[in-house]
Amino acid sequence: MTYDTALDALADRTRRRVFESLRSRPMTVGELANLQPVSRPAVSQHLKVLETAGLVSVEAQGNRRLYSIRREGLAELRAYLDSFWSDVLVPSPPRSRSAKPKLTRDLCLNRS
C-alpha cells in the first residue's frame with residue numbers, strides 16, 4: 001500500500017464514513033450498513049476497496065466477517081502527512097523581505 005492508494009480510498013465520503021465507523025471497534029458488514037445511508041452490498045464494496053488499500057483487515061469468525069482498521073495501513077499515510085510537518089510547518093531561517101514567509105506552526109495556530 002502507498003499513501004496515494006490510501007488517499008484515493010479515503011477520497012470517497014461514504015467510504016471514509018465506513019472507515020471512521022471502525023475507529024471504535026471491529027464490526028460486521030451488517031453493523032456497518034446499519035450506520036450508513038447506503039445498502040449492505042454498497043458497504044461491502046467500500047470495505048473491499050479499503051481492504052485492497054491496506055486500510056482495513058477482515059477476520060472470519062464462524063459465519064461472520066469482522067472488519068477492523070489496520071494500524072500498519074495507516075503508517076505510510078501518516079509518514080507522508082508527517083513529512084509536511086518538518087518540511088512546511090517548522091520555522092525556517094530568516095529570509096529577505098522580498099521572499100514570501102513560509103507557513104509555520106505558529107502562523108497556523110495564531111491566525112487572527
Side-chain angles (χ1 to χ4, degrees):
M1 189 221 32
T2 62
Y3 69 85
D4 57 324
T5 304
L7 289 173
D8 287 345
L10 294 173
D12 181 89
R13 178 181 291 161
T14 302
R15 192 172 304 128
R16 197 168 50 250
R17 287 184 179 151
V18 169
F19 181 74
E20 290 167 354
S21 295
L22 292 170
R23 178 181 256 166
S24 60
R25 66 180 178 85
M27 292 188 208
T28 65
V29 174
E31 290 172 317
L32 288 163
N34 289 335
L35 301 172
Q36 308 303 321
V38 296
S39 69
R40 189 177 180 149
V43 170
S44 291
Q45 289 299 315
H46 286 299
L47 287 166
K48 181 66 176 167
V49 172
L50 292 167
E51 184 181 8
T52 300
L55 294 171
V56 300
S57 61
V58 60
E59 180 184 341
Q61 290 189 345
N63 62 350
R64 297 172 10 139
R65 294 169 53 89
L66 281 176
Y67 290 86
S68 59
I69 292 178
R70 285 187 68 244
R71 289 177 151 211
E72 305 84 5
L74 292 173
E76 190 168 342
L77 178 59
R78 182 176 182 176
Y80 169 72
L81 295 173
D82 283 347
S83 73
F84 282 93
W85 192 265
S86 60
D87 291 348
V88 179
L89 299 176
V90 173
S92 59
R95 295 183 186 198
S96 69
R97 288 184 176 248
S98 61
K100 290 185 178 179
K102 209 174 200 184
L103 183 61
T104 66
R105 181 175 179 215
D106 291 337
L107 288 175
C108 291
L109 297 176
N110 296 320
R111 294 178 94 177
S112 298

Got a second to check how far D12's CG is from R17's CZ, nearest 0.5 Å?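 D12 CG to R17 CZ: 10.0 Å, rounded to 0.5 Å.
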Spatial distance of atom CD (E51) from atom CZ (R65) [nearest 0.5 Å]: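 The distance works out to 6.5 Å.
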Least distance between heavy atoms, [X] atom then [Y] atom:
X   : Y   : result
R16 : L10 : NH1-O, 2.7 Å
L77 : A6  : CD2-CB, 4.2 Å
E31 : M27 : OE1-CA, 3.2 Å

Answer yes or no: is there a side-chain heavy-atom contact under 4.5 Å between [X] and [Y]?
X   : Y   : answer
Y80 : L7  : yes
L22 : L55 : no
R15 : L50 : yes

Hey, any chance L47 and V49 share a hydrophobic cluster, counting ILVMFWY side chains that come within less than 4.5 Å of each other, even indirectly? no
Got more than 12 heavy atoms from elsewhere within 6.0 Å of CZ, R78? no
With side-chain contact (heavy atoms from CB on, under 4.5 Å) as the test, would you mind laying out the steps for L74 and L81 before giving the verdict? CA-CA 11 Å; L74 292 173; L81 295 173; over 6 Å; no
When you look at T28 and L66, which way does the side-chain contact (heavy atoms from CB on, under 4.5 Å) test go after all the steps? CA-CA 5 Å; T28 65; L66 281 176; 3.7 Å; yes
Between side-chain atoms of residues 34-44 and protein atoms elsewhere (two or more places apart, or another chain), which donor-acceptor pairs fall under 3.5 Å?
unit_1, atom_1, unit_2, atom_2, d
N34, ND2, G30, O, 3.3
Q36, NE2, S21, OG, 3.0
S39, OG, A42, N, 3.2
S44, OG, R40, O, 3.3

